[in-house]
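Structure, as C-alpha cells:
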There are 2 protein chains.
Amino acid sequence: MPKSTTSRLLPPADDHAARFLRQREADRAAVAEDYVELIADLLREEGEARAVDLARRMGVSQATVTATVARLQRAGLVETKPYRGLFLTRAGDAMAEAAKRRHDLMVRFLLAVGLDRETAEADAEGLEHHASERTLATFARFLAEQESKA
Amino acid sequence: MPKSTTSRLLPPADDHAARFLRQREADRAAVAEDYVELIADLLREEGEARAVDLARRMGVSQATVTATVARLQRAGLVETKPYRGLFLTRAGDAMAEAAKRRHDLMVRFLLAVGLDRETAEADAEGLEHHASERTLATFARFLAEQESKA
DNA sequence: TCCATAACTTAGCCTCGGCTAAGATACTCG
DNA sequence: CGAGTATCTTAGCCGAGGCTAAGTTATGGA
Ligand SMILES: [Mn+2]
Ligand SMILES: [Mn+2]
Ligand SMILES: [Mn+2]
Ligand SMILES: [Mn+2]
C-alpha cells in the first residue's frame, strides 16, 4: 500500500521557533509580573509593601529584592521610598491589575475543571504567565457556559 | 455589624514562598525538557537530530545550542557524535517521553475546552512546564469524562 | 581525489536573577 | 535622646541562557 498522508508532526521551523520565542519572552516577563502583583497585594491588604516582606513571600534574599526592584524601577514600574516601602507607577499598577486578572481567572478555571484549591493556587502561579489572551478568553467562556447550565 | 470571617487573601508567607520556589524550579527545568523533547522528535521523524536543526527550530544561534547541549551532556541527558547529530541517554529519553506525554495531554485538553489548534500548540509549549502531576491528572479526567458523555 | 561549504566550536561578551557577607541607615522604644 | 535593631544597600560572586564574530573540521559533489 502507498505511503498515506504524510504525517505532519513537526511544525514548520519558523513557526516552531516563534513558539519558543514567545515562551522565552513570557518567562522573562514573569518575574516582573509576580513582583508588581505582590506589591499591589501587599499595598491593598497590609497598607504597605516592604522589601523585607517581598523577600519573605517570594522566598528570596533581601539583596535579591533590592536588585530586582532596581530593575523594575529602571523599567518604570516601581518607585521606592527607603524605609517607607515600595510603590507602583501607573504602568506598574496596570501590569499588576492585568496580572491579578489573569491569576484569578486561571485559579477559577482550574477549580472549575475539578482541581483542589491549594494545587490550583500553586500551579496558577506558573501557568498564568503562559496563557495567551486567546486562551484566557476561552477559559472565561468555559466558566460562563458552566455557570449558565448549573 | 462585627467584622466577619477575616478575608484571608494572602497565603501564609512560607506557602507563598514555596509556590514561587516551585515556579522557579519549573522554569529552570523547562529548557532541558524542550531541547530533549525536540531531539526525540527529530530522531523519530527525521532519523537524526542535528545541532543546526535544533538551532533553527528553537530560534536560537548555533553557538547557543553548542553551549546548551554541553550543559545537557554534563547533566547526563544527551550525547553527541560531532557531524553525526545528537542522541539521548536513557535518562534523556525518559525525560523526553515524559515531556511529550505532558505536551500532548496539554494540547488535547486545550482543544477540548474549545481552543483552536494553533493557539493550543503555541501556549502548550509554555504551559506544559507548569502543570503539576495532580493538575495533569485532573485534565486527563476531564478528557475522559467528556469523551464518555459524547 | 580534493576542496568548497555546511556544520560545528571557540572566544568573548551580555543580562537576569539568584546567593552570602558585610556595611550603612533610619525607626523606635526605653 | 540615644542606642539597639530591623531594614535596606553594597560588594562580589555564580550559573543559565542568550548573542556575534571568528575560527575549525568533516562531508560530499564535481
Ligand atoms: Mn506567577
Ligand atoms: Mn500571580
Ligand atoms: Mn515547552
Ligand atoms: Mn513541548
Side-chain angles (χ1 to χ4, degrees), chain A residues 13 17-39 42 46-87 125-126 129, chain B residues 13 17-39 42 46-87 125-126 129:
Chain A
R19 289 180 196 168
F20 286 118
L21 214 93
R22 270 201 49 244
Q23 198 189 335
R24 287 196 292 271
E25 268 158 32
D27 264 334
R28 268 189 293 106
V31 170
E33 286 169 14
D34 284 338
Y35 271 73
V36 297
E37 188 186 351
L38 182 49
I39 290 170
L42 287 169
E46 318 268 294
E48 61 175 4
R50 310 294 297 233
V52 220
D53 299 319
L54 250 84
R56 199 172 359 253
R57 296 200 104 90
M58 297 289 313
V60 126
S61 75
Q62 277 201 45
T64 293
V65 170
T66 299
T68 302
V69 164
R71 272 194 301 276
L72 299 181
Q73 207 161 7
R74 261 187 279 132
L77 296 167
V78 167
E79 272 160 16
T80 70
K81 302 187 192 168
Y83 293 89
R84 321 217 42 176
L86 308 175
F87 302 88
E125 202 54 74
H129 308 285
Chain B
R19 289 179 196 168
F20 286 119
L21 212 90
R22 269 202 51 244
Q23 199 189 335
R24 287 196 293 272
E25 267 158 32
D27 264 334
R28 268 188 293 106
V31 170
E33 286 169 13
D34 284 338
Y35 269 73
V36 153
E37 187 186 352
L38 182 49
I39 290 170
L42 287 169
E46 317 268 295
E48 60 175 4
R50 310 294 295 231
V52 219
D53 299 319
L54 250 84
R56 197 169 6 250
R57 296 200 103 92
M58 297 289 313
V60 124
S61 75
Q62 276 200 46
T64 293
V65 169
T66 299
T68 302
V69 164
R71 272 194 303 276
L72 299 182
Q73 207 160 8
R74 261 186 279 132
L77 296 167
V78 166
E79 271 160 18
T80 70
K81 303 188 192 167
Y83 293 90
R84 322 217 43 176
L86 308 174
F87 301 87
E125 203 53 75
H129 308 285

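The sequence lines fix the lettering, A, B, ..., with proteins before strands; numbering per chain opens at 1.
- Under 4.0 angstrom from either OP1 or OP2 of D/dT7 there lies no side-chain N or O belonging to A/Arg50.
- The residue from B/Thr64, B/Val65, B/Thr66 that alone fulfils the side-chain contact (heavy atoms from CB on, under 4.5 Å) condition with B/Thr68 is B/Thr64.
- Rounding to whole angstrom units, CZ of residue A/Arg56 and C1' of D/dC8 are separated by 14 Å.
- Look at NZ on A/Lys81: it is 15 Å from P on D/dT9, rounded to the nearest Å.
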Acceptor/donor pairs from residues 75-87 of chain A side chains to any protein atom, 3.5 angstrom cut, sequence neighbours excluded:
none

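- At whole-Å resolution of the value, CE in A/Met58 and P in C/dG17 are 10 Å apart.
- A straight line from CG of A/Leu54 to C1' of D/dT9 spans 16 Å, rounded to a whole angstrom.
- One finds a side-chain N or O of A/Arg71 lying less than 4.0 angstrom from the OP1 or OP2 phosphate oxygen of C/dG17.
- At a non-hydrogen distance threshold of 4.0 Å, nothing from residues 26-39 of chain B comes into contact with DNA chain C.
- Residues satisfying the salt bridge (Lys or Arg N to Asp or Glu O under 4.0 Å) criterion with A/Arg56, sequence neighbours excluded, are A/Asp53.
- For the residue pair B/Phe20 and A/Arg57, the shortest heavy atom distance occurs at CD1-O, 3.3 Å.
- In this structure, A/Gln73 atom CD and C/dG17 atom P are separated by 15 Å, rounded to whole Å.
- Note on B/Thr66: a side-chain N or O is less than 4.0 Å away from OP1 or OP2 of C/dT9.
- In this structure, A/Arg24 has no salt bridge (Lys or Arg N to Asp or Glu O under 4.0 Å) partners at least two apart in sequence or on a different chain.
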- Query: Taking protein heavy atoms under 4.0 Å as touching, what does nucleotides 19-30 of chain D look like 5' to 3' if B marks base contact, S marks sugar-phosphate-only contact and - marks none?
  - Reply: BB----BS----
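- We find that CD of B/Glu25 is positioned 15 Å from P of D/dA16, with the value rounded to whole Å.
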Let me have the donor-acceptor pairs involving side chains of residues 31-39 of chain B, under 3.5 Å, with sequence neighbours excluded, atom names and distances please.
from	atom 1	to	atom 2	distance (Å)
B/Glu33	OE1	B/Arg102	NH2	3.1
B/Glu33	OE1	B/His129	ND1	2.7
B/Glu33	OE2	B/Arg102	NH2	3.3
B/Asp34	OD1	B/His129	NE2	3.0
B/Asp34	OD2	A/Gln23	NE2	3.2
B/Asp34	OD2	B/His129	NE2	3.3
B/Glu37	OE2	B/His103	ND1	3.4

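- Between B/Glu48 atom CD and C/dA7 atom C1' there is a gap of 11 Å when expressed in whole angstrom units.
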